[in-house]
Amino acid sequence: MTRALVIIDMLNDFIHPDGSLYCGPAAASIVPAVERLLQEARSSGEPVIYLCDRHRPDDPEFEMFPSHCVAGSWGAQIIEELQPQRGEHIIPKRRYSGFFGTDLDLRLRELGATELRLVGVCTNICVLYTACDARMRHYRVAVVKDAVASFDAEAHRWALREMDKTLGVKLE
Ligand code: ZN
């Protein structure tokens, strides 16, 4: 069984205090934990996938949220601490789920990955809906509790419980 580390939306607009949709100190505080997991994945040869919000300037999502992660902007870039290395996979997405309208499922199959470990932001949005779609496709999914976060602490706790109890996600 091959496991892949999936790093979700660790981008300047969400994680950097100057970002246009900064998710707050809870989000910034997971950076060291994600960094540690990234180093571990690299040393054990585990595939690393970066799922990255990347919007058109007129994306309808901006009716709900302020403009963020516009393709080509500083805000859409992966934070400095987690810069990808050669051979790691960057998958842009326009919606909450990393599977919707993206190359993710095909890439995972090519890698032979059957188990995903999810880290990043936000627990109750892109982590939750990516976990949901992964489970619907019968991937095994784990979420690392101290390496996911949200701007909304209550929604963060609710989403962890929902993933655990309803989706069969393993909380690590
Ligand atoms: Zn977005």
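We count ligands from 1, going down the list as the structure has it; atoms in each ligand are counted the same way.
Inclusion of C126 in the first shell of the Zn ion (ligand 1) is not supported: no N, O or S atom falls under 2.8 Å. Note on H55: counted as a metal contact of the Zn ion (ligand 1), an N/O/S atom lying under 2.8 Å.
A salt bridge does not link D53 with R94: every distance from a Lys NZ or Arg NE/NH1/NH2 to an Asp or Glu carboxylate oxygen is 4.0 Å or more. Between D9 and R54 there is no salt bridge, since no side-chain N of the basic residue sits under 4.0 Å from a carboxylate O of the acidic one.
Judged by distance alone, the side chain of R161 and the main-chain N or O of K165 form no donor-acceptor pair under 3.5 Å. Looking only at distances, a side-chain donor or acceptor of S43 sits under 3.5 Å from a matching main-chain atom of Q39.
Take the N/O/S atoms of D53: the one nearest the Zn ion (ligand 1) is OD2. In E61, the N, O or S atom that comes nearest to the Zn ion (ligand 1) is OE2.
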